[in-house]
Amino acid sequence: MSGFDIHRIEREGVERWEHAFEADPVSGEKFYLNVAYPYPSGGMHVGHGRTYIIPDVLARFQRMKGRQVLFPMAFHVTGTPVIGISRRIAHGDEEAIGLYRDLYRVPQDVLDRFVDPMEIVGFFSQEYMRIMGRCGLSIDWRRRFTTIDPQYSRFIEWQYSHLHERGYVVRGAHPVKYCPQCENPVGDHDLLEGDRAEIIRFTLVMFRFRDALIPTATLRPETTYGVTNLWVDPGVTYVRIRIDGQEWIVSPEAAEKLALQDHEVFVLEQIPGSDLVDKTVTHPLSGEVPILPAAFVDPDMGTGIVMSVPAHAPFDYIALRDLQRQGRYTGLRPISLIAVEGYGEFPAVDAVERAGILDQNDPGMDALTQEVYSAEFSRGRLHERYGGKTVREARDEVAALMTEQYGSVVMYEFDTRPVICRCGSRVYLKILHDQWFLQYSDPLWKEEVHRQVAAMSLVPTEVRAEFDRTIDWLKDWACTRRVGLGTKLPWDPAWIIEPLSDSTIYMAYYTIAHRLREIPAENLTPEVFDYIFLGRGEPETLDRETLDELRQEFTYWYPYDYRFSAKDLISNHLTFQLFHHRAIFPGELQPGGMVVFGMGLLNGAKMSSSKGNVFLLEDALDEFGADTVRMFLVGSAEPWQDFDWRNELVSSTRKQIERFWNTVQEAMSAEGGQPIDTWLKSRLQRRIAATTAALEGFQTRQALQEAFFGIEADLKWYRRRLTEGSAGGAVLWDLSRVWIRLLAPIIPFTCEAAWREIGEEGLVSFAPWPVADEELIEPEIELAEDILARTVEDIESIMKLIQMEPASITLFIAPEWKRTIFSTVAASSDRTKVTREVMAIEGMRQRGREAADVVKQITRLVLKFPPQLVDQLRQSAIDEREVFEGAREFLEKEFGVPVRILDAEESRHAKASGALPFKPAIVIE
RNA sequence: GCGGGGGUUGCCGAGCCCGGUCAAAGGCGCAGGGCUUAGGACCCUGUCUCACAGGAGUUCGAGCGUUCGAAUCGCUCCCCCCGCACCA
C-alpha cells in the first residue's frame, strides 16, 4: 500500500509518457483533433490550461476507445507583437519589463536577451512545451513547428499560389489606421486611446466656387437636393490647396488628412473663413446657394465646411433659426425632400421645436440628430420629384451618381475621437495601395462555406448561427503587411502574409510536419505539396518513395475530426480556415467538426494578461498538482461555458482525488461477497454508460459528475448497506479497475499510478475503455434499493420531528388492492378522470369512500415519484414485503431498535390504514 | 447599432429542448456533531419559512397568459455578458 505522493506520481507520469503519444498511421480507426496554436509571447495562465486540457481529455478518451489519436501542437510566431515587446524592453519601458520580470518571472539574464524578438518566442515556446508536459497533455511533440520555419514558409507559399491562381487573392486600396510618427499602420491593440473608433466613409459633395471647388463631407448624399446654403466658421482660417490637378478650399486639418488618403496636396494660400461668408457656390443638384456663418462647424471634421439641409438636419435648422432670429437671411426657407411617417414636411424642424431646443449649443442636439437621421433612413422616402425611392436605396444611388458625374470623391474619418497611438502621436487614416486581399466577399465562395458549415458537427450547436452570420458578414480581408515576421508573398515579395492568413490550413501540415523537418526547404517546391496534398504531378526534388509515404500519412489523418478553440475566434480564424479548406482541398478533405470554448474568469472577473488579472498555470500546478488543476478545469463548467477559477474551490478538488486514491487502496484488501454487491455492479454499468455518452457528446463536466461523484454516491450507499463489520466485497476490486479507467482521461497521473498499484500491466492511457455490460444490470434490485432508501429517508425525517427516544419501528405494507389502484393511476393518461376509472374496477365500489381517498393519495404519490420509477414500479412484480424483510437487519442496524414488518390490513393501528404501495406506513414507538 | 448568449435558493452552478421526479443535483461557504493532543485533515447532519409523524406555505429577473399542473411552453418588459476585423 503506497501513500499518495503527488509529486512522485507526476514525475513518473511525465517520464513514462515522454514518447508514448507519438502517433503513426496504423490500420485501425483514427481520430485527429487539434487546437488553435498559441502565440508564445508571455506566460501561460490557467485559461490557456483549459484550452489544451479539455481536448486532451477527449484525446485520451478516444485513445482508450481504441482509436489511433493524433493530437499535435505548434507555435504561432508570425506578426508584430513580439517585435513591439522587444522594442519596448529595449527602450526600457517599465511597464513591459515589469510584466515580464514580475508577473511572468523571466530570469534577468534571459530578459536581457529579449531585445531580440526571436529570443522571446524561443524562450516561451520552450516554457509552453515544458508546462504542457507537466499538465499531462498527450501531444505528439515530434510534429511541433513554428510558423517561421523555412519548411512552413514553403507550405504557405504553395497555399497562396493556389489562392492567387484561383482568383481568391486580389489587389486593391484599403483605408487603415496609421501613425505618421511610427510611419506604420496601427492595430487597435497599438492604441492608447480610441481603440473602438470605426472608419466612416464620407462622400465629398463638390460645390463650385469661382475657379475652385468647396467640398463638403456628408453621410447623406441624397440630401444634396435640399441644400439651402453652406456653413463655414468665420473664425477659422481655411486653405486653398492644389489637389490632383484641381483647386479646393478646405480647413488645414482636412488638407493634412487628404494628403494621406491617396491625394497629392499642395497648400497654395490661406483664406479667412470670414472672406467666404455671403459668397455663393453652385452644385448641379442644389443650384446656387450662399455661404453662411455658423459656430458649430468643426475644422477637424470632414473638410471643415458643411452643406446645410435645414429641412432634414437639426443642426442646420437650428443654426439657420439662430441667424434668422437676429433678423438675418430671413429669406431662406428649408427645402423638403424626404417624407417620413410621424413627421411633417420638415422633420428636422418638427423635431427641434418638439424638443424645445434653445440654440445650437444645446446638449440634446446629438441625440436629436440621431433620431431624425435614423427615422429617415429606416422609414423615409424621397419625394416624387427627386425620384421617389426609399432613402435606403437613394443613398447609394446618389453617391454613385455623384462620383461618376459630379466629381465627388470619398473621404474617410473616425467615428470617435481622439485616436492616439502608443507613441503618443495622433492617428490618421491612410489609404494603403497595392494591398492584397483575400476575397471573402465572393458570394460563390461564401456559399460553399455555408454548405460546409451545414455539413459539419458543431459543439455546441448554437454556434452554427454565429458561423453563418460571420460568413455573410465577412468582407475582403487585407492579408498582407509591410512589417512583422512571416512568409513573403511569393509573387510580390515586398509584402508579408499576415498572421491570421498564414494559419488557416496548418492542420494539414501537422500530418507530415515531423517528416518535413528532415527535408531541405528548397526541395519543398509547390509541386511537392501538390503531390502530397492533392495527389497530382511528378515532382523531381524528392524521391517517389518519400513522396508516397508523405501522401499516405496525410490521407490517413486527414480530414481532421475536430478543431477546438475559444469562441472569440469564430468571427475570424475559425471561419477563415473553412474558407481556405474549401479553396484548397477537395470535398472529402473538408473539416469534420469544431468545438467552441467559453472564456475564463478569475474570481469572477475576466482573465486578461494585460490587466495582470491572471493565475499562472505553473503556479497552479505547483500549488495544487496537475490532476487537481485538470479535474477542476474539466469539472467547473462544460467546455462551451465560461468557467471561473477560484482557489478555494480548487483545493477541495484535491481532496476528492485523494479520496479516490484511498478508496482504490482500500479495495485491494476487499474479499468475499455481500448481498448488496449485485446492486453495486448494476449501478456501475449505468455509470459506465452515462460517462461514455457524456464524453461522446463532449460534455466533460457531465462525464466527471457521473464517473466521479456518481460512483462515489453509489459507494456511499453500498457501504451503508454492508453487513456489520464488513469493509466490502471483492466487487470493489472490479469497481476499482473500471473506476480508474473512467477517470484516466481526466486525472491521468493519479490513474496511471493507481493502475500500476493494483497490478495492471502497461499504461492505463492505452487500456481499453470500460464497456457497460447489459447482463449485469438488475432493474429489480435497483428498484428494491430505491424503495428502501426512500423509506429510510421517511423514517429519518419522522425521527427528527418527534424528538423522542424510539423503542421500536414498525412498517405496514399496503394491501394488494391499493397496488391495483397504483397500477391504474400510473397507467392512466388523463389523471383528472382516474377516480372514475378506478371505481369501475370490480370490487372497488364497495370500498366506497376509502377507495376514492386512496386514489387521491396515490395520484399524489405517482406525481411525486420520477416518471421512470413509476413505470418501473407499475410493470414490476416486486414483492414489497420481501424487500423490507430482506432489509430488516439493515434497518435495525441503522436505527438501533427492533424493526417489525406487518401487513397493514392485519393491524388495527390507526396509522396502518395510511400505508401506500411502495410507501409503507411507519410507526415509531 | 448589428449579431450571439444569459438572468435559478448565501455564492458558484445543474435543471429547462422532451411541462408533473423540483424546495429544486453537485460543489463552496456557514452551523452543529463525531474523530482527535490538536486541526486549515477526515466523517456525519443541517442550511427558504412554518410544523413534536413522513406535512404545509412562499420561491427560480418582473408581469401577464396557456394548462388539472410551469423554473420548464407563449407574449411583454427590465438587466447582464461576449463578438463586430486587418489583430493574436
Side-chain angles (χ1 to χ4, degrees), chain A residues 36-39 41 76-82 174 176-177 185-190 195-196 198-199 370 374 432 435 437-438 440 460-463 465-470 472-481 484 498-501 503 567-573 576 598-599 601 604 606 632 635-638 640-644 646 648-653 655-656 658-659 662 701-702 704-705 708-710 712-713 716 790-791 793-804 830-833 859-860 862-870 911 914 919-924:
Chain A
Y37 49 25
Y39 187 89
S41 66
H76 192 209
V77 301
T78 33
T80 52
V82 281
H174 183 58
V176 296
K177 290 173 186 169
V186 285
D188 280 349
H189 55 283
D190 295 322
D195 59 331
R196 300 276 306 161
E198 281 186 56
I199 297 172
Q370 264 313 311
S374 59
L432 232 52
Q435 173 63 269
F437 291 89
L438 282 161
Y440 294 139
T461 49
E462 291 84 58
V463 298
E466 239 179 302
F467 275 106
D468 279 325
R469 186 207 141 255
T470 301
D472 289 333
W473 161 86
L474 273 178
K475 294 177 225 152
D476 291 351
W477 181 268
C479 63
T480 53
R481 294 291 115 84
E498 168 277 331
L500 279 182
S501 303
S503 302
K567 68 177 167 201
D568 50 346
L569 294 190
I570 293 178
S571 59
N572 49 54
H573 167 75
F576 289 3
M599 316 289 270
L601 304 176
K606 190 178 173 181
F632 177 79
S636 65
E638 294 295 2
W640 45 90
Q641 296 170 325
D642 294 350
F643 78 99
D644 191 3
R646 288 173 192 261
E648 69 270 19
L649 300 191
V650 183
S651 41
S652 77
T653 302
K655 296 178 209 161
Q656 289 157 352
E658 282 177 34
R659 221 153 58 211
N662 292 337
R701 179 185 201 272
Q702 182 63 30
L704 180 66
Q705 291 285 328
F708 188 83
F709 298 102
E712 223 186 23
K716 194 169 158 185
R790 282 168 192 277
T791 305
E793 267 175 47
D794 281 350
I795 296 173
E796 282 173 341
S797 66
I798 294 167
M799 301 242 280
K800 209 169 297 155
L801 273 175
I802 59 175
Q803 301 286 348
M804 62 178 257
D830 183 352
R831 276 163 194 158
T832 56
K833 293 183 188 136
T859 305
R860 235 180 32 203
V862 162
L863 289 178
K864 211 163 173 201
F865 278 174
Q868 211 193 343
L869 177 67
V870 171
K911 289 263 166 213
K919 193 172 173 65
I922 299 164
V923 173
I924 301 173

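As a basis for the values below, the full set of heavy atoms in this structure was taken, side chains included, without hydrogen atoms, waters or symmetry mates. In what follows, chains carry the letters A, B, and so on, assigned in the order in which the sequence lines appear, proteins first and then strands, with residues in each chain numbered from 1. From a predicted model like this one, the values you see are computed outputs, not experimental measurements.
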**Q** What's the CZ-C1' distance between A/R469 and B/C82, to the nearest Å?
**A** 12 Å
**Q** Given the C1' atoms of B/G33 and B/U66, what is the spacing between them in whole Å?
**A** 49 Å
**Q** Taking side-chain hydrogen bond (donor to acceptor under 3.5 Å, both in side chains) as the definition, give me every residue that meets it alongside A/R469, ordered by chain and number, with sequence neighbours left out.
**A** none
**Q** Rounded to whole angstrom units, what separation is found between the CG atom of A/N572 and the P atom of B/G3?
**A** 20 Å
**Q** Using the test ring-ring contact (aromatic ring centres under 6.0 Å, His included), find all partners of A/W640 that sit at least two apart in sequence or belong to another chain.
**A** none
**Q** State the pairing partner of B/U36; accept Watson-Crick or G-U wobble contacts with both distances under 3.5 Å, and report none otherwise.
**A** none
**Q** By nearest atom, which of the nucleotides B/A88, B/G27, B/G55 is closest to the A/F709 side chain?
**A** B/G27
**Q** With heavy atoms under 4.0 Å as the rule, sort A/V923 into base, sugar-phosphate or nothing.
**A** base
**Q** Find which nucleotide of RNA chain B each of A/W473 and A/L500 is nearest to by heavy atoms, and output the residue with the more 5' nucleotide.
**A** A/W473
**Q** What closest approach, in Å, do A/F632 and A/D644 show between heavy atoms, and which atom pair accounts for it?
**A** CZ-O, 3.4 Å
**Q** Assess whether side-chain contact (heavy atoms from CB on, under 4.5 Å) is satisfied between A/F437 and A/K475, documenting all intermediate values.
**A** CA-CA 10 Å; A/F437 291 89; A/K475 294 177 225 152; over 6 Å; no
**Q** When the P atoms of B/A53 and B/G39 are compared, how many Å lie between them, rounded to an integer?
**A** 37 Å
**Q** Can you name the side-chain hydrogen bond (donor to acceptor under 3.5 Å, both in side chains) partners of A/E638, sequence neighbours left out?
**A** none
**Q** B/C87 P sits how many Å from A/L474 CG, rounded?
**A** 16 Å
**Q** Take atom P in B/A31 and the same atom in B/C64, then report the distance between them in whole Å.
**A** 40 Å
**Q** For the side chain of A/K475, counting heavy atoms from C-beta on, which of B/A85, B/A88, B/A25 is nearest?
**A** B/A85
**Q** I'd like to know if A/D794 reaches the base of B/A53 with its side chain, counting only an N/O donor and acceptor under 3.5 Å.
**A** no
**Q** According to the Watson-Crick and G-U wobble definitions, with both distances under 3.5 Å, which nucleotide is paired to B/G3?
**A** B/C82
**Q** Taking CH2 from A/W477 and P from B/A88, how many angstroms apart are they, rounded to a whole number?
**A** 9 Å
**Q** How close or far is atom P of B/A85 from atom OH of A/Y440, stated in whole angstroms?
**A** 16 Å
**Q** Going by the rule side-chain hydrogen bond (donor to acceptor under 3.5 Å, both in side chains), which residues pair with A/Y39 if we only count those two or more places apart in sequence or in a different chain?
**A** none
**Q** What protein N or O atoms touch nucleotides 5-14 of chain B N or O atoms at under 3.5 angstrom, if any, and at what distances?
**A**
{"from": "B/G13", "atom 1": "O2'", "to": "A/R701", "atom 2": "NH2", "distance (Å)": "3.1"}
{"from": "B/A14", "atom 1": "OP1", "to": "A/Q641", "atom 2": "OE1", "distance (Å)": "2.8"}
{"from": "B/A14", "atom 1": "OP1", "to": "A/Q641", "atom 2": "NE2", "distance (Å)": "2.4"}

**Q** Give me the ring orientation class for A/Y37 and A/H76: parallel if the planes are under 30° apart, tilted from 30 to 60°, perpendicular past 60°.
**A** parallel
**Q** Starting from the C-alpha separation in whole Å, work towards a yes-or-no answer on side-chain contact (heavy atoms from CB on, under 4.5 Å) for A/I795 and A/I924.
**A** CA-CA 8 Å; A/I795 296 173; A/I924 301 173; 4.2 Å; yes
**Q** Using the C1' atom as the point on both nucleotides, what is the distance between B/U47 and B/C28, in whole Å?
**A** 13 Å
**Q** Taking atom P of B/G26 as reference, at what distance in whole Å does atom CD of A/E712 sit?
**A** 12 Å
**Q** Contact class for A/P920 vs. all strands (heavy atom < 4.0 Å): base, sugar-phosphate, or nothing?
**A** base
**Q** How far does the C1' atom of B/U21 sit from the matching atom of B/A14, given to the nearest Å?
**A** 15 Å
**Q** Using the C1' atom as the point on both nucleotides, what is the distance between B/G83 and B/G74, in whole Å?
**A** 30 Å
**Q** For A/D794, give me all partners under salt bridge (Lys or Arg N to Asp or Glu O under 4.0 Å), at least two apart in sequence or on another chain.
**A** A/K919
**Q** Using atom P of each nucleotide, how far apart are B/A25 and B/C75 to the nearest Å?
**A** 30 Å
**Q** Please name the nucleotide paired to B/G65 by Watson-Crick or G-U wobble geometry with both distances under 3.5 Å, or report none.
**A** B/C73
**Q** Where each residue is assigned the nucleotide of RNA chain B containing its nearest heavy atom, which of A/H573 and A/I795 is assigned the position nearer the 5′ end?
**A** A/I795
**Q** As a test of reading the structure: which of B/C2, B/G54, B/A88 is closest to the side chain of A/I922, going by heavy atoms?
**A** B/G54
**Q** Find the partner of B/A31: check Watson-Crick (N1-N3 plus N6-O4 or O6-N4) and G-U wobble (N1-O2, O6-N3) distances, both under 3.5 Å, and reply none if neither fits.
**A** B/U45
**Q** Mind checking if A/A713 touches a base, just sugar-phosphate, or nothing, with heavy atoms under 4.0 Å?
**A** nothing
**Q** Taking only the side-chain nitrogens and oxygens of A/R659, find out if one of them lies under 4.0 Å from OP1 or OP2 of B/C43.
**A** yes
**Q** With a 4.0 Å limit, can you tell me whether A/K716 has a side-chain N or O closer than that to the phosphate oxygens OP1/OP2 of B/C44?
**A** yes
**Q** Please report the distance, rounded to the nearest Å, between CD in A/Q656 and C1' in B/C42.
**A** 13 Å
**Q** On a whole-Å scale, what distance lies between the C1' atoms belonging to B/U9 and B/C35?
**A** 32 Å
**Q** Provide, to the nearest angstrom, the distance between the CE atom belonging to A/M799 and the P atom belonging to B/C52.
**A** 18 Å
**Q** May I ask you to test the A/W477-A/L500 pair for a side-chain heavy-atom distance under 4.5 Å?
**A** yes
**Q** Look at all strands and tell whether A/I570 reaches a base, only sugar-phosphate, or nothing, counting heavy atoms closer than 4.0 Å.
**A** nothing
